Colleague: 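Questions regarding the structure given below will be posed in turn.
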Amino acid sequence: KIAVFSKDTSIDPVGACVGMKGTRVQAVVQELRGERIDIVPWTSDPAEYVCRAILPAKVSKIIIDEDENAMEVIVPDDQLSLAIGKKGQNVRLASRLTNWKLDIRSDSEVELEHVQALESLNGIPGIGDANADITAELLYQQGFKSVQDLATADLATLLDIEGISPERAAVILQATKEHVELLAASQQEEEVQAVDSAAEESGEDSAVTDGGEESGDSMAAPAAEDV
(Lines give C-alpha, C1' and ligand atoms only; values in the text may rest on other atoms or scores of the structure.)
Protein backbone atom coordinates (compact mmCIF):
# COMPACT_ATOMS: atom_id res chain seq x y z
CA LYS A 1 0.00 0.00 0.00
CA ILE A 2 1.30 3.43 -1.00
CA ALA A 3 -0.18 6.80 0.02
CA VAL A 4 0.19 9.64 -2.48
CA PHE A 5 -0.56 13.37 -2.38
CA SER A 6 -0.22 16.38 -4.66
CA LYS A 7 0.00 20.03 -3.66
CA ASP A 8 -1.28 20.92 -7.11
CA THR A 9 -5.06 20.44 -7.02
CA SER A 10 -5.17 20.08 -10.79
CA ILE A 11 -3.16 16.86 -10.58
CA ASP A 12 -4.70 13.53 -9.66
CA PRO A 13 -1.92 11.87 -7.61
CA VAL A 14 -3.37 8.37 -7.90
CA GLY A 15 -3.89 8.69 -11.65
CA ALA A 16 -0.39 10.09 -12.08
CA CYS A 17 1.08 7.03 -10.36
CA VAL A 18 -1.12 4.55 -12.19
CA GLY A 19 -0.41 6.07 -15.60
CA MET A 20 -2.25 5.69 -18.89
CA LYS A 21 -4.08 2.35 -18.78
CA GLY A 22 -1.98 1.41 -15.73
CA THR A 23 1.33 1.43 -17.60
CA ARG A 24 3.32 3.12 -14.83
CA VAL A 25 2.15 0.99 -11.95
CA GLN A 26 2.33 -2.19 -14.03
CA ALA A 27 5.98 -1.53 -14.74
CA VAL A 28 6.61 -1.39 -10.99
CA VAL A 29 4.50 -4.52 -10.41
CA GLN A 30 6.57 -6.43 -12.96
CA GLU A 31 9.79 -5.21 -11.37
CA LEU A 32 8.51 -6.54 -8.04
CA ARG A 33 7.65 -9.90 -9.65
CA GLY A 34 3.88 -9.49 -9.56
CA GLU A 35 3.53 -7.89 -6.12
CA ARG A 36 0.13 -6.21 -5.89
CA ILE A 37 0.20 -2.45 -5.23
CA ASP A 38 -2.65 -0.45 -3.68
CA ILE A 39 -2.33 3.31 -4.24
CA VAL A 40 -4.20 5.31 -1.60
CA PRO A 41 -4.88 9.07 -1.75
CA TRP A 42 -3.43 10.59 1.42
CA THR A 43 -5.52 12.85 3.68
CA SER A 44 -4.88 14.59 6.99
CA ASP A 45 -8.17 13.24 8.40
CA PRO A 46 -7.16 10.06 10.29
CA ALA A 47 -10.58 8.37 10.05
CA GLU A 48 -10.94 9.06 6.33
CA TYR A 49 -7.34 7.97 5.77
CA VAL A 50 -8.04 4.60 7.44
CA CYS A 51 -11.23 4.17 5.38
CA ARG A 52 -9.21 4.66 2.22
CA ALA A 53 -6.41 2.40 3.41
CA ILE A 54 -8.82 -0.45 4.24
CA LEU A 55 -10.25 -0.51 0.70
CA PRO A 56 -11.69 -2.41 -1.12
CA ALA A 57 -13.76 -3.12 2.04
CA LYS A 58 -16.49 -0.64 2.97
CA VAL A 59 -16.55 0.84 6.47
CA SER A 60 -19.76 1.37 8.48
CA LYS A 61 -18.30 3.23 11.44
CA ILE A 62 -15.01 4.14 13.08
CA ILE A 63 -14.40 4.68 16.80
CA ILE A 64 -11.17 6.53 17.60
CA ASP A 65 -9.13 6.15 20.78
CA GLU A 66 -6.49 8.85 20.52
CA ASP A 67 -4.90 7.96 23.88
CA GLU A 68 -4.09 4.45 22.63
CA ASN A 69 -3.55 5.57 19.01
CA ALA A 70 -6.10 2.95 18.03
CA MET A 71 -9.27 2.72 15.94
CA GLU A 72 -12.15 0.28 16.05
CA VAL A 73 -13.21 -0.21 12.44
CA ILE A 74 -16.74 -1.58 12.06
CA VAL A 75 -17.68 -3.10 8.70
CA PRO A 76 -20.75 -4.91 7.30
CA ASP A 77 -20.76 -8.65 7.99
CA ASP A 78 -20.17 -9.50 4.34
CA GLN A 79 -17.15 -7.16 4.24
CA LEU A 80 -15.33 -8.56 7.28
CA SER A 81 -13.12 -11.09 5.48
CA LEU A 82 -12.38 -8.54 2.76
CA ALA A 83 -11.33 -5.92 5.31
CA ILE A 84 -9.05 -8.34 7.15
CA GLY A 85 -7.61 -9.81 3.97
CA LYS A 86 -5.85 -13.10 3.37
CA LYS A 87 -3.97 -14.04 6.55
CA GLY A 88 -4.73 -10.53 7.87
CA GLN A 89 -2.62 -8.87 5.19
CA ASN A 90 -5.03 -6.06 4.26
CA VAL A 91 -5.57 -4.77 7.79
CA ARG A 92 -1.91 -5.24 8.67
CA LEU A 93 -0.73 -3.14 5.73
CA ALA A 94 -3.42 -0.51 6.40
CA SER A 95 -2.23 -0.28 9.98
CA ARG A 96 1.39 0.18 8.94
CA LEU A 97 0.47 2.75 6.31
CA THR A 98 -1.68 4.90 8.61
CA ASN A 99 0.35 4.30 11.78
CA TRP A 100 -2.82 3.42 13.72
CA LYS A 101 -3.68 0.22 15.58
CA LEU A 102 -6.73 -1.18 13.81
CA ASP A 103 -9.33 -3.57 15.22
CA ILE A 104 -11.72 -4.83 12.53
CA ARG A 105 -15.17 -5.88 13.76
CA SER A 106 -18.46 -6.79 12.09
CA ASP A 107 -21.79 -4.99 12.57
CA SER A 108 -23.43 -8.07 14.13
CA GLU A 109 -20.57 -8.54 16.61
CA VAL A 110 -20.81 -4.92 17.75
CA GLU A 111 -24.61 -5.10 18.03
CA LEU A 112 -24.39 -8.24 20.19
CA GLU A 113 -21.81 -6.55 22.42
CA HIS A 114 -24.11 -3.54 22.72
CA VAL A 115 -27.08 -5.64 23.85
CA GLN A 116 -24.98 -7.58 26.37
CA ALA A 117 -23.42 -4.38 27.73
CA LEU A 118 -26.79 -2.71 28.32
CA GLU A 119 -28.09 -5.85 30.02
CA SER A 120 -25.07 -5.92 32.30
CA LEU A 121 -25.05 -2.20 33.15
CA ASN A 122 -28.81 -2.02 33.71
CA GLY A 123 -28.36 -4.43 36.61
CA ILE A 124 -26.66 -1.71 38.67
CA PRO A 125 -29.09 -0.14 41.18
CA GLY A 126 -30.02 3.38 40.08
CA ILE A 127 -28.87 2.89 36.47
CA GLY A 128 -31.74 0.95 34.94
CA ASP A 129 -34.42 3.14 36.52
CA ALA A 130 -36.75 5.02 34.19
CA ASN A 131 -35.85 8.42 35.67
CA ALA A 132 -32.13 7.78 36.10
CA ASP A 133 -29.88 10.67 35.07
CA ILE A 134 -27.08 8.27 34.14
CA THR A 135 -28.27 5.50 31.80
CA ALA A 136 -26.64 2.29 30.64
CA GLU A 137 -26.52 3.67 27.09
CA LEU A 138 -24.60 6.73 28.27
CA LEU A 139 -22.09 4.55 30.13
CA TYR A 140 -21.70 2.32 27.08
CA GLN A 141 -20.99 5.35 24.90
CA GLN A 142 -18.24 6.29 27.36
CA GLY A 143 -16.56 2.92 26.78
CA PHE A 144 -17.95 0.85 29.68
CA LYS A 145 -19.05 -2.51 28.31
CA SER A 146 -19.83 -4.34 31.56
CA VAL A 147 -20.27 -3.82 35.28
CA GLN A 148 -16.73 -5.12 35.73
CA ASP A 149 -15.39 -2.34 33.50
CA LEU A 150 -17.25 0.26 35.52
CA ALA A 151 -16.22 -1.23 38.87
CA THR A 152 -12.53 -0.90 38.01
CA ALA A 153 -12.89 2.73 36.87
CA ASP A 154 -11.79 5.60 39.07
CA LEU A 155 -13.73 8.68 40.11
CA ALA A 156 -11.88 10.95 37.67
CA THR A 157 -12.96 8.78 34.73
CA LEU A 158 -16.62 9.03 35.67
CA LEU A 159 -16.34 12.78 36.13
CA ASP A 160 -15.49 13.03 32.42
CA ILE A 161 -19.16 12.23 31.74
CA GLU A 162 -20.99 15.47 31.07
CA GLY A 163 -23.49 16.47 33.75
CA ILE A 164 -22.35 14.09 36.49
CA SER A 165 -21.41 15.49 39.89
CA PRO A 166 -18.66 14.10 42.15
CA GLU A 167 -21.30 12.95 44.65
CA ARG A 168 -23.33 11.14 41.99
CA ALA A 169 -20.18 9.55 40.52
CA ALA A 170 -19.16 8.25 43.97
CA VAL A 171 -22.63 6.76 44.52
CA ILE A 172 -22.54 5.00 41.13
CA LEU A 173 -19.08 3.56 41.78
CA GLN A 174 -20.09 2.27 45.20
CA ALA A 175 -23.30 0.72 43.88
CA THR A 176 -21.36 -0.89 41.03
CA LYS A 177 -18.76 -2.44 43.33
CA GLU A 178 -21.47 -3.83 45.62
CA HIS A 179 -23.32 -5.23 42.59
CA VAL A 180 -20.14 -6.94 41.34
CA GLU A 181 -19.59 -8.49 44.80
CA LEU A 182 -23.14 -9.84 44.78
CA LEU A 183 -22.65 -11.30 41.30
CA ALA A 184 -19.40 -12.96 42.38
CA ALA A 185 -21.04 -14.44 45.50
CA SER A 186 -23.99 -15.71 43.46
CA GLN A 187 -21.67 -17.30 40.88
CA GLN A 188 -19.63 -18.97 43.62
CA GLU A 189 -22.82 -20.37 45.19
CA GLU A 190 -23.94 -21.75 41.82
CA GLU A 191 -20.56 -23.43 41.31
CA VAL A 192 -20.78 -25.06 44.76
CA GLN A 193 -24.28 -26.31 44.02
CA ALA A 194 -23.13 -27.69 40.68
CA VAL A 195 -20.28 -29.59 42.37
CA ASP A 196 -22.67 -30.98 45.04
CA SER A 197 -25.16 -32.07 42.39
CA ALA A 198 -22.42 -33.80 40.40
CA ALA A 199 -21.23 -35.57 43.55
CA GLU A 200 -24.76 -36.76 44.37
CA GLU A 201 -25.31 -38.06 40.84
CA SER A 202 -21.98 -39.86 40.98
CA GLY A 203 -22.96 -41.50 44.29
CA GLU A 204 -26.33 -42.61 42.92
CA ASP A 205 -24.68 -44.13 39.82
CA SER A 206 -22.24 -46.02 42.04
CA ALA A 207 -25.05 -47.36 44.22
CA VAL A 208 -26.97 -48.58 41.17
CA THR A 209 -23.87 -50.33 39.81
CA ASP A 210 -23.17 -52.06 43.15
CA GLY A 211 -26.79 -53.13 43.42
CA GLY A 212 -26.67 -54.57 39.92
CA GLU A 213 -23.58 -56.66 40.72
CA GLU A 214 -25.22 -58.09 43.88
CA SER A 215 -28.33 -59.04 41.94
CA GLY A 216 -26.19 -60.79 39.36
CA ASP A 217 -24.37 -62.84 42.04
CA SER A 218 -27.59 -63.86 43.77
CA MET A 219 -29.01 -65.02 40.45
CA ALA A 220 -25.88 -66.98 39.54
CA ALA A 221 -25.80 -69.00 42.80
CA PRO A 222 -29.06 -70.96 42.34
CA ALA A 223 -28.03 -71.80 38.80
CA ALA A 224 -24.79 -73.43 40.09
CA GLU A 225 -26.69 -75.45 42.76
CA ASP A 226 -29.13 -76.73 40.13
CA VAL A 227 -26.22 -78.04 38.05
Side-chain angles (χ1 to χ4, degrees), residues 1-118 137-146 149 152-154 156-163:
K1 290 184 182 288
I2 302 172
V4 295
F5 171 76
S6 174
K7 292 182 179 180
D8 189 340
T9 57
S10 65
I11 297 177
D12 174 13
V14 175
C17 290
V18 172
M20 186 69 68
K21 296 183 179 180
T23 52
R24 286 185 176 177
V25 71
Q26 284 302 320
V28 178
V29 168
Q30 292 174 7
E31 194 69 23
L32 296 176
R33 298 181 181 179
E35 186 73 31
R36 179 181 171 183
I37 298 176
D38 285 346
I39 302 176
V40 178
W42 181 88
T43 175
S44 58
D45 183 343
E48 179 62 27
Y49 191 23
V50 167
C51 288
R52 295 177 182 181
I54 212 71
L55 287 173
K58 298 178 181 178
V59 177
S60 301
K61 183 180 180 181
I62 285 186
I63 301 173
I64 303 176
D65 185 349
E66 294 184 352
D67 293 336
E68 297 294 331
N69 194 47
M71 291 192 193
E72 187 174 305
V73 183
I74 303 169
V75 301
D77 289 17
D78 60 352
Q79 297 284 303
L80 182 61
S81 59
L82 189 61
I84 295 173
K86 186 177 181 181
K87 297 181 180 179
Q89 186 180 51
N90 192 54
V91 65
R92 184 169 60 252
L93 290 177
S95 178
R96 291 179 62 184
L97 180 69
T98 60
N99 199 31
W100 283 82
K101 300 174 187 175
L102 303 180
D103 180 19
I104 309 295
R105 306 182 66 190
S106 67
D107 283 332
S108 59
E109 180 186 356
V110 173
E111 180 59 28
L112 177 60
E113 179 189 78
H114 183 209
V115 172
Q116 293 175 339
L118 295 186
E137 181 65 35
L138 178 59
L139 292 172
Y140 178 77
Q141 295 300 329
Q142 295 296 319
F144 300 108
K145 299 178 180 179
S146 67
D149 286 350
T152 56
D154 54 22
T157 303
L158 273 187
L159 289 176
D160 289 338
I161 301 176
E162 185 178 355

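Being a predicted model, the structure only gives us computed values, none of them experimental.
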Colleague: Could you grab the distance from atom OH of Y49 to atom CG of N99, nearest 0.5 Å is fine?
Modeller: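 With rounding to 0.5 Å, OH (Y49) is 9.5 Å from CG (N99).
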Colleague: What are the two closest heavy atoms between V91 and G88, and how far apart are they?
Modeller: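 Smallest heavy-atom distance, with atoms named: CG1-O, 3.4 Å.
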Colleague: Evaluate the side-chain proximity of N90 to L82: yes if any heavy-atom separation is below 4.5 Å, no if none is.
Modeller: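 Side chain of L82 against side chain of N90, heavy atoms only: no contact under 4.5 Å found.
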Colleague: First locate atom CZ of R92, then atom NZ of K87, and finally report the distance between them rounded to the nearest 0.5 Å.
Modeller: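 Result: 9.5 Å between the selected atoms.
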Colleague: Step by step, work out the side chain to side chain contact (heavy atoms under 4.5 Å, CB included) result for I2 and I37.
Modeller: CA-CA 7 Å; I2 302 172; I37 298 176; 3.7 Å; yes
Colleague: With sequence neighbours excluded, tell me which residues meet side chain to side chain donor-acceptor pair (under 3.5 Å) with E111.
Modeller: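 None.
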Colleague: Any side-chain heavy atom of I54 within less than 4.5 Å of one from I104?
Modeller: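 SC-SC contact between I54 and I104 confirmed.
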Colleague: Quick check: are there more than 12 heavy atoms from other residues, nucleotides or ligands sitting under 6.0 Å from CD of Q141?
Modeller: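 Atom CD in Q141 is crowded, with more than 12 foreign heavy atoms closer than 6.0 Å.
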Colleague: I want to check something: taking the side chain as every heavy atom from C-beta on, are N69 and W100 in contact at a cut-off of under 4.5 Å?
Modeller: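 Contact flag for N69/W100 side chains = yes.
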Colleague: Would you say the side-chain atoms of D77 pair up with the backbone N or O of S108, donor to acceptor, closer than 3.5 Å?
Modeller: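 Checking the backbone N and O of S108 against the side chain of D77, a donor-acceptor pair under 3.5 Å is found.
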Colleague: Heavy atoms, side chains only, cut-off 4.5 Å: are E72 and I74 in contact?
Modeller: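 Of all side-chain heavy-atom pairs linking I74 with E72, at least one is under 4.5 Å.
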Colleague: Salt bridge check, D38 against R36: does any charged N sit closer than 4.0 Å to a carboxylate O?
Modeller: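 Yes, this pair counts.
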Colleague: I need the L97 CG to R52 CZ distance, nearest 0.5 Å.
Modeller: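 Rounded to the nearest 0.5 Å, the CG-CZ separation comes to 11.5 Å.
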Colleague: Return the NZ to CG distance between K1 and L55, rounded to the nearest 0.5 Å.
Modeller: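 K1 NZ to L55 CG: 7.0 Å, rounded to 0.5 Å.
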Colleague: Rounded to the nearest 0.5 Å, how far apart are NZ of K101 and OG of S95?
Modeller: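 Rounded to the nearest 0.5 Å, the NZ-OG separation comes to 9.0 Å.
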Colleague: Decide yes or no for P46 and M71: does some side-chain heavy atom of the first lie under 4.5 Å from some side-chain heavy atom of the second?
Modeller: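 Result yes, sub-4.5 Å side-chain heavy-atom pair found.
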Colleague: The test is side chain to side chain donor-acceptor pair (under 3.5 Å); show your working for S10 and D8 and say whether it passes.
Modeller: CA-CA 5 Å; S10 65; D8 189 340; 2.6 Å; yes
Colleague: Ignoring hydrogens, what is the shortest heavy-atom contact between Q79 and K58? Give both atom names and the distance.
Modeller: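 Reported closest heavy-atom pair: OE1-N, 3.0 Å.
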Colleague: Checking the side chain of K145 only, and the main-chain atoms of E113 only, is there a donor and an acceptor separated by less than 3.5 Å?
Modeller: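 Side chain of K145 to backbone of E113: no pair is present.
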